[in-house]
Amino acid sequence: MATYREIQKLVKAQGNFVPKTCWIAHVKSDFGLTDRIASTRLVQNDRRYPCPAHRRPAIEAALAHFNMIQS
């Protein structure tokens, strides 16, 4: 499984932006790749910074590149 930094580097190279780690966590959780909810999250069912819809395809492509999800 790729680290958040590896995913950020790949997205930066391919998509010309660096995704926030919380965006990556949001996309990973939508695919069931996270085990738990972060202990620092203030409201358990609400995301402070959800992944914007226009950034999501680049993050999903990076996850598929690392064989974490099926494209």
Side-chain angles (χ1 to χ4, degrees):
M1 187 170 299
T3 64
Y4 282 76
R5 188 163 314 263
E6 291 172 330
I7 294 168
Q8 285 176 323
K9 285 181 182 180
L10 182 63
V11 171
K12 182 179 180 183
Q14 293 179 348
N16 284 336
F17 73 96
V18 178
K20 293 182 178 186
T21 55
C22 56
W23 295 352
I24 297 170
H26 182 197
V27 175
K28 285 177 66 176
S29 71
D30 288 348
F31 283 96
L33 297 174
T34 54
D35 302 2
R36 60 184 174 81
I37 296 174
S39 61
T40 56
R41 191 184 290 183
L42 298 175
V43 180
Q44 297 299 322
N45 295 327
D46 189 27
R47 294 188 177 275
R48 189 171 200 179
Y49 303 107
C51 183
H54 67 283
R55 301 292 192 195
R56 190 176 181 88
I59 297 171
E60 288 179 1
L63 294 177
H65 173 81
F66 289 113
N67 295 320
M68 296 171 72
I69 63 171
Q70 299 296 323
S71 56

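Predicted model only: the values in this text are computed from it and were never measured.
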Do Ile37 and Phe31 belong together in a cluster built from hydrophobic side chains that touch within less than 4.5 Å?
->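 Result: no, two separate clusters.
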Is it possible for you to say whether Tyr4 and Val18 belong to one hydrophobic cluster, with membership spreading through side-chain heavy-atom contacts below 4.5 Å?
-> no
For [X] and [Y], which heavy atoms make the closest approach, and how far apart are they?
| X | Y | value |
| --- | --- | --- |
| Lys20 | Tyr49 | NZ-CD2, 4.1 Å |
| Ala62 | Ile7 | CB-CG2, 4.0 Å |
| Ile24 | Pro19 | CD1-CG, 4.0 Å |
| Cys51 | Trp23 | CA-CD1, 3.7 Å |
| Ser29 | Arg47 | OG-NH2, 2.7 Å |
| Asp30 | Arg56 | OD2-NH2, 2.8 Å |

Side chains of [X] and [Y]: does their closest heavy-atom pair fall under 4.5 Å?
| X | Y | value |
| --- | --- | --- |
| His26 | Ile59 | no |
| Met1 | Lys28 | yes |
| Gln8 | Thr21 | yes |

More than 12 non-hydrogen atoms from neighbouring residues, nucleotides or ligands closer than 6.0 Å to CD on Gln70, yes or no?
->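 No.
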